[in-house]
There are 2 protein chains.
Amino acid sequence: MSKKQSLDSLLEAGKCRPIGAVERDTGIARDTLRVWQRRYGFPNPVRNPRGERHYPAKQVRRLQLIRRLLDQGLRPGKIVPLNEPALHQLEAELCIMPGVEHQENVVALIAHLREHDTEAIEVLLGEILAIQGLRRFVQNTVAPLVKIVGESWAQGQLDVYEEHFMSQLLIRLLNTEIAKLEIAASPNPVLLGTLPGERHGIGLLMTAAILASENVAAINLGVEMPLDQLVRAAEKFNSSVLGLTFSGAYPYGSVRSHLQELRARLPATTNIWAGGHAMGRVRKLPTGVIKIISFDELPIATIR
Amino acid sequence: MSKKQSLDSLLEAGKCRPIGAVERDTGIARDTLRVWQRRYGFPNPVRNPRGERHYPAKQVRRLQLIRRLLDQGLRPGKIVPLNEPALHQLEAELCIMPGVEHQENVVALIAHLREHDTEAIEVLLGEILAIQGLRRFVQNTVAPLVKIVGESWAQGQLDVYEEHFMSQLLIRLLNTEIAKLEIAASPNPVLLGTLPGERHGIGLLMTAAILASENVAAINLGVEMPLDQLVRAAEKFNSSVLGLTFSGAYPYGSVRSHLQELRARLPATTNIWAGGHAMGRVRKLPTGVIKIISFDELPIATIR
DNA sequence: TAGCCTATTTTGTCCTAGACAAATATTATT
DNA sequence: AATAATATTTGTCTAGGACAAAATAGGCTA
């Protein structure tokens, strides 16, 4: 009886999850979960009578922690074999808080986010926008906010759903502001998008907002556009500029080769702007590709 | 040399895609693709020198067609072995296009999209919206438009970038309209999101717009929310309803099991609404899960 | 110091063919 | 016509091996 109960508590009360569910919850593919077990001994799921893997909730949480560390650029071989305290220590060490001079506004917004106070967030965002104007709002408020929310999530201080919630609020707000400006269509609009593998589109939207505030027409194609599609779109829309963003999680080596291929396939009349955190590591770029670390560097004058 | 060239022409000019890409493009799981091949002889991909499956573009399109038929309630064993003409005939027989009287607008919008006439699309969308009002605009114009754009893409009649472009326009427009309505925050907001693997968020936005038009507060968490996060969010926001959408591309086998798991983990006070094209094929649902095939069925009265 | 070529390690994805439970269809029984 | 029993269909999971693409480290040049 006690034995049966302990098995139950492991399989049911312990909320074990089959490999498909863990794949969904962690974003780590089935094959990868199995090969990690083979190579590193972790995860080490319970088996049901049929021999199928059932992952205890604790291991799922640890996998999510591992996932966060991977997103910060660490490699599986270095961290998957580590025990839990070591992982938590690593996470704490990597917590590089960029200057405490977070603007009050951003701190207040995060506080409201933690309290799930939708109304307060929307009101405060509106107030800040009214004071700063769209361009400074994007640069001084939205960009730091996105960065800090992303980092808080990576450190486990914010839940995934809280990050998504804030993203959706910002998407709605920025789209609304862009629509308000009613920029006239251009024969050479700036084209914005990300390459496959890059799923963060908020940088594109921030760029579009700044361009709109400068009365520049932009077309945002959103995330994960296959390379050939970007080329076709740039040709069809006769774009003067193709703007791409690469977040910190983007695979390092591919940035340059992708930009080189794009440069080779795009007409010479189309310039390439490359922005986002991952660009900080890229040193040399193909000629005709402009690296943009800060929104201040957007060479808007060149296309007007 | 000539041998290498012929291989190239087969694998590259023919635009063959590895199984992982086909899984993403069709929403059919790897294992399922392999087991269909074993059982029904289709798909029948080319093999590269390593023995890996490479699916010609034509077979991918046929898989997407099969996908659409499955969504209408047909079973794999009946249709996967069929040849292409038979499939197209089946689709033609099953094709139930909603009210033909609003098709004119949609046809005109698609025509403008083909011509890349941003301005014309925006003007026309604005006019239709002014005439129909937000709710009917979403039901009669946006929904059919999204469906037809998606199908045109699946059939190779529209490029990926054209589909993305239209999506972004609609996202901007709907978000703007929702913002205009300035719905007051609710203590029990409707929560909207999709499960991991489901990357189409436009259905959520359409739902949010209709809810807003009925003065119902909704929180859109966007796409690919891990299941446990949806549960936590529903608890934290004290939601009366969790709304999910499953597009035609969603791995159909998992819909039911995911909904069952969600039902088990959510508090009984939270209802579940499940919508989207993939719901057309799901017959029996756990009690406490409401299937929503048409926006008309949204039980808005129950939460007001 | 920075770039670049080469060798080594790491890492994710794909392979096979069988197994089986859950979902669905079909037939039998009340 | 509804219910129960049986049969079929169908998606998911298993195993360990394999290998290319990517990341790292070492050595060389300017």
Side-chain angles (χ1 to χ4, degrees), chain A residues 16-24 26-40 42 45-55 66-67 69-70 72-81 196-197 249-258 260 278 281-286, chain B residues 11 16-24 26-40 42-43 45-55 66-67 70 73-81 197 250-261 278 281-286:
Chain A
C16 290
R17 305 174 61 59
I19 195 168
V22 176
E23 177 182 41
R24 287 198 313 274
T26 64
I28 302 164
R30 278 159 230 237
D31 280 326
T32 306
L33 289 169
R34 288 195 272 254
V35 91
W36 280 2
Q37 184 179 359
R38 214 194 311 168
R39 287 178 184 153
Y40 313 122
F42 184 87
V46 184
R47 301 294 182 135
N48 71 358
R50 238 200 304 169
E52 295 172 347
R53 294 168 174 81
H54 276 67
Y55 297 80
I66 287 170
R67 179 68 214 272
L69 292 170
L70 290 181
Q72 300 226 340
L74 298 183
R75 306 194 63 186
K78 306 281 180 190
I79 56 173
V80 180
Y250 197 81
Y252 166 75
S254 13
V255 174
R256 203 159 86 185
S257 62
H258 283 162
Q260 272 168 347
R281 310 186 198 137
V282 179
R283 320 249 169 202
K284 210 175 119 189
L285 286 173
Chain B
L11 291 180
C16 291
R17 309 179 53 64
I19 196 168
V22 177
E23 177 183 42
R24 283 202 310 274
T26 64
I28 301 164
R30 278 158 230 242
D31 282 326
T32 306
L33 288 168
R34 287 196 272 254
V35 92
W36 280 2
Q37 184 178 0
R38 213 194 309 169
R39 288 176 184 157
Y40 314 120
F42 183 87
V46 184
R47 300 292 183 137
N48 71 359
R50 237 200 303 167
E52 296 172 345
R53 294 168 174 82
H54 276 68
Y55 297 79
I66 287 170
R67 188 40 200 286
L70 289 179
L74 300 181
R75 304 197 64 187
K78 306 281 179 189
I79 56 172
V80 179
Y250 196 80
Y252 38 94
S254 18
V255 173
R256 190 199 330 271
S257 61
H258 289 170
L259 287 173
Q260 270 170 347
E261 188 174 348
R281 203 175 18 69
V282 178
R283 292 154 207 276
K284 216 174 89 185
L285 286 175

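This is a predicted model, so every value here is computed, not measured. Proteins get letters first, then strands, A, B, ... in listed order; numbering begins at 1 in each.
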Colleague: So, do B:His54 and B:Arg17 sit near enough that their side-chain heavy atoms are less than 4.5 Å apart?
Modeller: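 Side-chain contact under 4.5 Å: no.
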Colleague: Let's see if you can work this out: which of D:dC13, C:dT11, D:dA15 has an atom nearest to the side-chain heavy atoms of A:Arg30?
Modeller: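 The listed nucleotide nearest to A:Arg30's side chain is D:dC13.
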Colleague: As a test of understanding, state which of A:Ile66, A:Leu74, A:Thr32 forms a side-chain contact (heavy atoms from CB on, under 4.5 Å) with A:Val80.
Modeller: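 The option that passes is A:Ile66.
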Colleague: Which is more 5' along DNA chain D, the nucleotide nearest A:Glu52 or the one nearest B:Arg39? Just name the residue.
Modeller: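 Here B:Arg39 is the residue nearer the 5' end.
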Colleague: Using whole Å, report how far CD1 of B:Ile19 lies from C1' of C:dG12.
Modeller: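 Value for this atom pair: 15 Å.
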Colleague: Can you list the steps and then say if A:Leu69 with A:Lys78 is a side chain to side chain contact (heavy atoms under 4.5 Å, CB included)?
Modeller: CA-CA 10 Å; A:Leu69 292 170; A:Lys78 306 281 180 190; over 6 Å; no
Colleague: Would you give the length of the straight line joining atom CG of A:Asn48 to atom CZ of A:Arg53, rounded to the nearest 0.5 angstrom?
Modeller: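 Going from CG on A:Asn48 over to CZ on A:Arg53, the span is 11.0 Å.
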Colleague: In whole angstrom, what separates A:Tyr55's OH from D:dT12's P?
Modeller: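 Going from OH in A:Tyr55 over to P in D:dT12 covers 16 Å.
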Colleague: B:Asp31 has an atom CG; how far is it from atom P of C:dG18, in whole Å?
Modeller: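 So the two atoms are 15 Å apart, to the nearest Å.
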Colleague: In whole angstrom, what separates B:Ile66's CD1 from D:dT10's P?
Modeller: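 That distance rounds to 12 Å.
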Colleague: Under 4.0 Å: is that the gap between some side-chain N or O of A:Trp36 and OP1 or OP2 of C:dT11?
Modeller: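 Checking A:Trp36 against C:dT11: no side-chain N or O falls below 4.0 Å of OP1 or OP2.
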Colleague: Which is more 5' along DNA chain D, the nucleotide nearest A:Lys78 or the one nearest A:Gly51? Just name the residue.
Modeller: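 The residue closer to the strand's 5' end, by nearest nucleotide, is A:Gly51.
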Colleague: Mark yes or no for a side-chain to base donor-acceptor pair under 3.5 Å between B:Arg38 and C:dG18, with no hydrogen or angle criteria applied.
Modeller: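 Per atom types, the contact qualifies.
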Colleague: Tell me the interatomic distance from B:Leu33, atom CG, to C:dA17, atom P, rounded to whole angstroms.
Modeller: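 Roughly 17 Å, once rounded to whole Å.
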Colleague: Tell me whether the side-chain N or O atoms of A:Arg34 pair up with the base of C:dG12 as donor and acceptor below 3.5 Å, since no angle test is needed here.
Modeller: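 Such a pair does not exist between side chain and base.
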Colleague: D:dT10 phosphate, OP1 or OP2: any side-chain N/O from B:Thr32 under 4.0 angstrom?
Modeller: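 False: B:Thr32 side-chain N/O out of range (4.0 Å or more) of D:dT10 OP1/OP2.
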Colleague: I need the CG-P distance between B:Asn48 and D:dA20, as an integer number of Å.
Modeller: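 So the two atoms are 9 Å apart, to the nearest Å.
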Colleague: Hey, does the side chain of B:Arg67 reach the backbone of B:Thr26 with a donor-acceptor pair shorter than 3.5 angstrom?
Modeller: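 Side chain of B:Arg67 to backbone of B:Thr26: a pair is present.
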Colleague: For a quick check of understanding: with a heavy-atom distance under 4.0 Å over all strands, which category does A:Arg53 fall into, base, sugar-phosphate or nothing?
Modeller: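 Sugar-phosphate, backbone atoms only, no base.
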Colleague: With DNA chain C as reference, determine whether B:Val35 or A:Arg75 sits nearer its 5' end, using the nearest nucleotide of each.
Modeller: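 Nearest nucleotide further toward 5': that of A:Arg75.
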Colleague: To the nearest Å, give me how far apart NE2 (B:His54) and C1' (C:dT13) are.
Modeller: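 Value for this atom pair: 12 Å.
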Colleague: On DNA chain C, does the nearest nucleotide to A:Arg50 precede the nearest nucleotide to A:Pro76 from the 5' side, or the other way round? Give the residue.
Modeller: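 The answer here is A:Pro76.
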Colleague: Rounded to whole Å, how long is the line connecting atom CG of A:Leu74 with atom P of D:dA23?
Modeller: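 The distance from CG of A:Leu74 to P of D:dA23 comes to 14 Å, rounded to the nearest Å.
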